[in-house]
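Structure record follows, encoded as structure tokens.
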Amino acid sequence: MKHDFTFTIKTIALDENYHPSDKTRITTNFANLARGSHRQANLRNALKMIDNRFNALANWDNPTADRYSVELEIISVNIDVAGSGQAFPSIEVLKTNIVDRHTNKRIEGIVGNNFSSYVRDYDFSVLLQEHNRNQPAFSIPENFGELHGKLFQAFVNSAVYKQHFNKPPVICLSVSDNKTYHRTENQHPVLGVEYQPNESSLTEQYFKKMGLQVRYFMPPNTVAPLAFYFVGDLLNDYTSLELISTVSTMETFQKIYRPEIYNANAAAGKAYRPNLQNLDHSLTQIVYDREERSKLASEQGKFAQEHFIKPYQTVLEQWSASAV
């Protein structure tokens with residue numbers, strides 16, 4: 001049986017006045033920053049960090065390092081599976097927009113920053129853990145990530161995506177702390193030096209099912225590589241300013257969330273293994289609750305299980321089996 005799922009998009013500005021909605025995944029980095037007594041200062045400081053990093057990278061015709069600012073939009077994607085008008089929160093990402101103060105132009109950036117997904121929470125925090133509970137050796141469930149990958153690709157290929165965005169998404173993540181990355185001779189003017197991992201990871205395999213490949217680059221004046229997941233040609237499909245908008249945004253969040261890696265006091269060498277126990281790092285002046293984030297990932301995975309996976313299991317299985 002063929003089912004056509006309906007995607008809808010809602011957008012809201014991420015600025016210092018942002019308040020998370022009840023439907024926002026509260027483990028999302030920007031939602032974590034936007035709560036508590038420090039919420040406005042957190043947001044203001046994070047946005048300033050993004051602008052400063054952007055101008056440092058976009059340094060041509062920018063002698064005072066203040067030509068550009070980055071505006072962020074939260075893109076919330078809902079999916080209606082049964083055609084009932086009842087939508088489930090599927091995906092949430094940030095989209096960058098670049099303001100050129102010299103020309104008074106607003107330049108579209110890249111969508112995909114700070115990618116989060118309820119179904120991914122379910123896969124990793126519920127399905128994967130239940131599959132391995134009381135097992136002698138770690139293993140991956142059959143068809144792990146298949147549904148999530150097909151849902152993601154259905155959204156990216158949908159008419160609603162193409163109406164809102166001109167280019168495919170780029171998802172920028174932290175490197176894994178259980179792999180070693182080796183520096184190559186390849187260097188890009190914006191993305192910096194390319195690194196290659198010693199082996200594939202579960203995250204790479206999971207994102208491959210979303211139709212994404214990955215490359216690892218350490219941008220100029222950065223201390224650790226970032227993982228860039230994309231379709232097509234990362235180095236040629238996007239302009240320098242578009243790439244800088246993603247680097248400045250995601251590097252800022254990683255400095256806040258994983259300072260042991262991205263705000264370390266020593267840069268990665270030729271062979272680099274990230275260390276979350278690294279004590280030689282600096283903290284930003286931004287309050288971030290990492291313990292809460294880890295705890296809530298499990299809760300949101302269970303939410304997806306109860307409100308999406310179980311109620312629509314038959315429809316989802318039929319659709320996934322027929323989807324290309």
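Cluster annotation: I107 and V190 are assigned to the same hydrophobic cluster (Ile/Leu/Val/Met/Phe/Trp/Tyr, side-chain heavy-atom contacts under 4.5 Å, transitive). Linking ILVMFWY residues whenever their side-chain heavy atoms come closer than 4.5 Å, directly or via other members, places V77 and Y312 in the same cluster. Connection of Y262 to L279 is not established within any shared hydrophobic cluster, with ILVMFWY side chains joined at heavy-atom distances below 4.5 Å, either directly or through further cluster members. Follow the hydrophobic side-chain contacts under 4.5 Å out from M218 and you never reach V223; the two are in separate clusters. At a threshold of 4.5 Å between side-chain heavy atoms, the hydrophobic network of Ile, Leu, Val, Met, Phe, Trp and Tyr places L226 and L234 in one connected group.
Between I50 and L72, some side-chain heavy-atom pair lies under the 4.5 Å cut-off. Side-chain contact check for I309 versus L147: some heavy-atom pair is nearer than 4.5 Å. At least one side-chain heavy atom of L128 sits less than 4.5 Å from a side-chain heavy atom of I140. Between Y18 and L47, the closest side-chain pair of non-hydrogen atoms is not below 4.5 Å. Residues F155 and I79 have side chains not in contact (no heavy-atom distance under 4.5 Å, counting atoms from C-beta outward). Between E73 and I12 the shortest side-chain heavy-atom distance does not fall below 4.5 Å. The shortest distance between side-chain heavy atoms of F5 and L316 falls below 4.5 Å. With a 4.5 Å cut-off on side-chain heavy atoms, Y257 and S174 do not count as touching.
Taking all atoms of both residues into account, the shortest heavy-atom contact from L43 to D15 is CD1-O, 3.5 Å. Contact between H281 and P259 at its shortest, heavy atoms only, is CB-O, 3.4 Å. P89 approaches N78 most closely through the heavy-atom pair CA-OD1, 3.2 Å. Smallest separation of non-hydrogen atoms from K95 and G109: NZ-N, 4.2 Å. Minimum interatomic distance between R101 and D66 (heavy atoms only, all atoms of both residues): NH1-O, 2.7 Å. Of all the heavy atoms in S176 and P274, the pair that sits closest is O-CG, 3.2 Å.
Checked by atom type and distance alone, the side chain of R67 never pairs as donor or acceptor with a backbone atom of A58 at under 3.5 Å. Remark: the backbone N or O of L94 is not paired with any side-chain donor or acceptor of N114 at under 3.5 angstrom. Counting only distance, with no hydrogens or angles, the side chain of N55 and the backbone of Y68 share a donor-acceptor pair below 3.5 Å. Judged by distance alone, with hydrogens and angles left aside, the side-chain atoms of K179 form a donor-acceptor pair with the main-chain N or O of E199 at under 3.5 Å. A donor-acceptor pair under 3.5 Å links the side-chain atoms of N132 to the main chain of S139, judged by distance alone. Between the T96 side chain and the I110 main chain, a donor and an acceptor come within less than 3.5 Å of each other. Remark: side-chain polar atoms of D51 are paired, donor with acceptor, to backbone N or O of V70 under 3.5 angstrom. A donor-acceptor pair under 3.5 Å is absent between the side-chain atoms of R106 and the main chain of N97, judged by distance alone.
Put simply, the residue from R53, K255, Q254 that forms a side-chain hydrogen bond (donor to acceptor under 3.5 Å, both in side chains) with T222 is R53.
Classified by interplanar angle (parallel below 30°, tilted 30° to 60°, perpendicular above 60°), the ring pair F88/F303 is parallel. Between Y272 and Y195, the ring-plane angle classifies as perpendicular under the 30° and 60° cut-offs.
In this structure, Y122 has its ring center no closer than 6.0 Å to that of H148. Checked against the 6.0 Å centroid threshold, F230 and Y238 do not count as a close aromatic pair. Taking the six-membered ring for Trp and the full ring otherwise, the centers of Y161 and F7 sit at least 6.0 Å from each other. Centroid-to-centroid, the aromatic rings of F115 and F152 come within less than 6.0 Å.
Shown here is K208, whose NZ atom has no more than 12 heavy atoms of other residues, nucleotides or ligands within 6.0 Å.
To the nearest 0.5 Å, atom CD of residue Q196 and atom OH of residue Y181 are 12.0 Å apart. Between the NZ atom of K105 and the CG atom of D100 there is a distance of 8.0 Å, given to the nearest 0.5 Å. How far CD of Q285 is from CG of L283: 8.0 Å, rounded to the nearest 0.5 Å. Of the inter-residue distances, the one linking K270 atom NZ with T184 atom OG1 reads 12.0 Å to the nearest 0.5 angstrom. One finds the CZ atom of R258 at 5.0 Å from the CG atom of L276 (value rounded to the nearest 0.5 Å). Atom CD of E204 sits about 10.5 Å away from atom CG of L173, to the nearest 0.5 Å.
Side-chain atoms of N17 and Q40 include a donor-acceptor pair closer than 3.5 Å. In the model, N113 has a side-chain atom that pairs as donor or acceptor with a side-chain atom of T246 under 3.5 Å.
A salt bridge between E146 and K209 is present, with a side-chain N of the basic residue lying under 4.0 Å from a carboxylate O of the acidic one. Ionic pairing of E306 and K310 is present here: one or more N-O contacts between side-chain nitrogen and carboxylate oxygen are shorter than 4.0 angstrom.
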side-chain contact (heavy atoms from CB on, under 4.5 Å) assessment of L235 paired with D233:
CA-CA 6 Å; L235 304 191; D233 186 341; 3.9 Å; yes

For T8 and D80: C-alpha separation, side-chain torsions, deciding distance, then whether side-chain contact (heavy atoms from CB on, under 4.5 Å) applies.
CA-CA 8 Å; T8 55; D80 182 350; over 6 Å; no

Derivation and outcome, side-chain contact (heavy atoms from CB on, under 4.5 Å), residues Q163 and I9
CA-CA 10 Å; Q163 288 169 5; I9 290 177; over 6 Å; no

Show, in sequence, the C-alpha distance, side-chain angles and deciding distance for S90 and V119, and conclude whether the side-chain contact (heavy atoms from CB on, under 4.5 Å) test is met.
CA-CA 7 Å; S90 173; V119 177; 5.8 Å; no

